[in-house]
Structures are given as C-alpha cells and as structure tokens.
Amino acid sequence: MLRPLPAVAAALPRLRVLDLCCGAGGVSVGFHRAGFDVTGVDINPQPNYPTGPGFRFVQADALDYVADHGHTFDLVHGSWPCQRFSRATAWRGNRDNHPDLITPGRALMQATGRPWVIENVPGAPLRPDYLLCGTAFGLNIQRHRVFETSWGGGGDLLSPCWHHRQVLPFEHKGERAYADAMGCTWMTNLEARQAVPPAYSHWIATQYLTHHHSAGPGQAAA
Ligand SMILES: C[S@@+](CC[C@H](N)C(=O)[O-])C[C@H]1O[C@@H](n2cnc3c(N)ncnc32)[C@H](O)[C@@H]1O
C-alpha cells in the first residue's frame, strides 16, 4: 500500500469535526479513524471520552457551542438526545419529559454554513439519507440508526441489513459483551447503551470525504 512520507503526512492539515452530544465518544472515534481531528461537546462530564492527539473534549451545552463555534469546523455532527423519539420512552416513559433538540439543533447547524450530519433513532424526525445497522458492518448487533446530512445522502444508503446472520443474545453474556460487540471497548456498559458504533460514523465520514468534500480544511463545501 502507498503511504505518504511521514514528513509530508505531518505537514498535511487535518480536517476538524465538531461532535455535538458526544457522550463517551462512539461517533468521535469513527471520525478520528477516518482522519479527522475531533472536538466532542457534551453537557455532562465524560471521563471516558478518548484522550490523545486528535481528541478534545469540551463540557458545554451543544446548542450554545454550535451557535458560537460551529462555523470554525470543517464538518458538524449532532447526536441530539433520542429519548423523545425512542420506542423505550413510548413504552415506559413520557415523551413530553424529553425536549426535541433536533429541530433547534438542525437550524443552528445549518446556520454555521458548514456541512453537517445528524444521527438519531428510527422514528425521529429526520430525513433518512442513510440508514445503518451493525449487521451491515459485520458487527454482532441489530442497532438501526438514521442519518440526515446537509448533502442529502447520495444513493449510498447501506442496505439491506443482514439480520439472518446469527446475533448473540446479550442478556446471557452480560453488558460488557454488548459494548465490545459495538466496538466501544473503552466505555462502560451504560455509556455503550447510548453510543453509536464507531463503524457507523467512520462510514459516514468516508462517504463525505469520498463524494462530498471538495475543499481543504477551513473551506469545506456545504
Ligand atoms: C445518545 S448520547 C450520545 C452518544 C454519542 N454520540 C456516542 O456515539 O457515544 C446523547 C448525549 O447527549 C448529551 N446531551 C444531552 N443534552 C445535551 C445538550 N443540551 N448539550 C450537550 N450534550 C447534551 C447527553 O449527556 C448524552 O451524552
């Protein structure tokens, strides 16, 4: 495989992605693997958010942060809380207790003028530009997530799911098995329950870089 010379690679500017509502960093790790420097923002402390070159965590309200700083990034991702739209809330909770942050979040992301991605559960008010499932990546999980993008997808929707493949019954194997199957090995069980597998955001990042990115860092095409 051809690799850039180290001196050249070091000199190449890296694209910067803003990961809003980052949790313990499932989405962040996928973008990082695709070559982005990642700034994760969450309203709660995230002691297990990845550290090291290319990762930065900011504790803040994501709506405020994207309004103030979103325009300084090459790409903006938002995993706005899903509780209002999840089936679990419909069964066991009250949707009115969970505000819709997708609608104001989308407006603020659009106002940055940067390309953006919103991820959420099926049933959330998103245009399904991409629908991803762990089984399509060879992961042993059935976990559907919808992605709406500023570029509107592009016919690369990953389907169908491969649910005919054996998927382990995790209740018999413990939560650790679930986190590991998600590819979120650095998280606690609770964090992994809320997370997006890095394989999903890596695939979205690759779609963006391959088909929709046409400018250098700081000049990303919307
Ligand atoms: C579904 S989880 C995100 C999972 C994460 N994207 C991942 O892949 O690991 C939603 C996160 O939104 C955070 N959150 C909720 N309201 C927020 C707000 N107003 N600003 C920033 N973060 C918020 C929660 O603390 C939670 O960590």
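Sequence positions, counted from 1, serve as the residue numbers for this chain. Ligands are counted one by one from 1 in listed order, and the atoms in each one are counted from 1 as well.
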Notebook entry, point to check: Mind checking what makes salt bridge (Lys or Arg N to Asp or Glu O under 4.0 Å) contact with E148, not counting sequence neighbours?
Noted result: R106
Item checked: Main-chain N/O of T185 paired with D180 side-chain donor or acceptor, under 3.5 Å -> no
Margin query: Just to be sure I understand the cut-off, which residues have at least one non-hydrogen atom under 4.0 angstrom from an atom of ligand 1?
Written below: C21, C22, G23, G25, G26, V27, D42, I43, N44, Q46, A60, D61, A62, S79, P81, L101, M187, Q194, A195, V196
Next item on the list: Classify the ring geometry between F55 and Y49 as parallel (under 30°), tilted (30 to 60°) or perpendicular (over 60°).
Entry: perpendicular
Margin query: Once you measure the plane-to-plane angle for W203 and F137, does it fall in the parallel (<30°), tilted (30-60°) or perpendicular (>60°) bin?
Written below: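 Perpendicular: the ring planes of W203 and F137 meet at over 60°.
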Check: So, is the end of the R114 side chain (NZ or CZ) under 6.0 Å from the ring centre of F73 and within 45° of the ring's axis?
Finding: no
Next item on the list: Would you indicate whether the side-chain heavy atoms of Y65 and T39 approach each other to under 4.5 Å?
Entry: yes
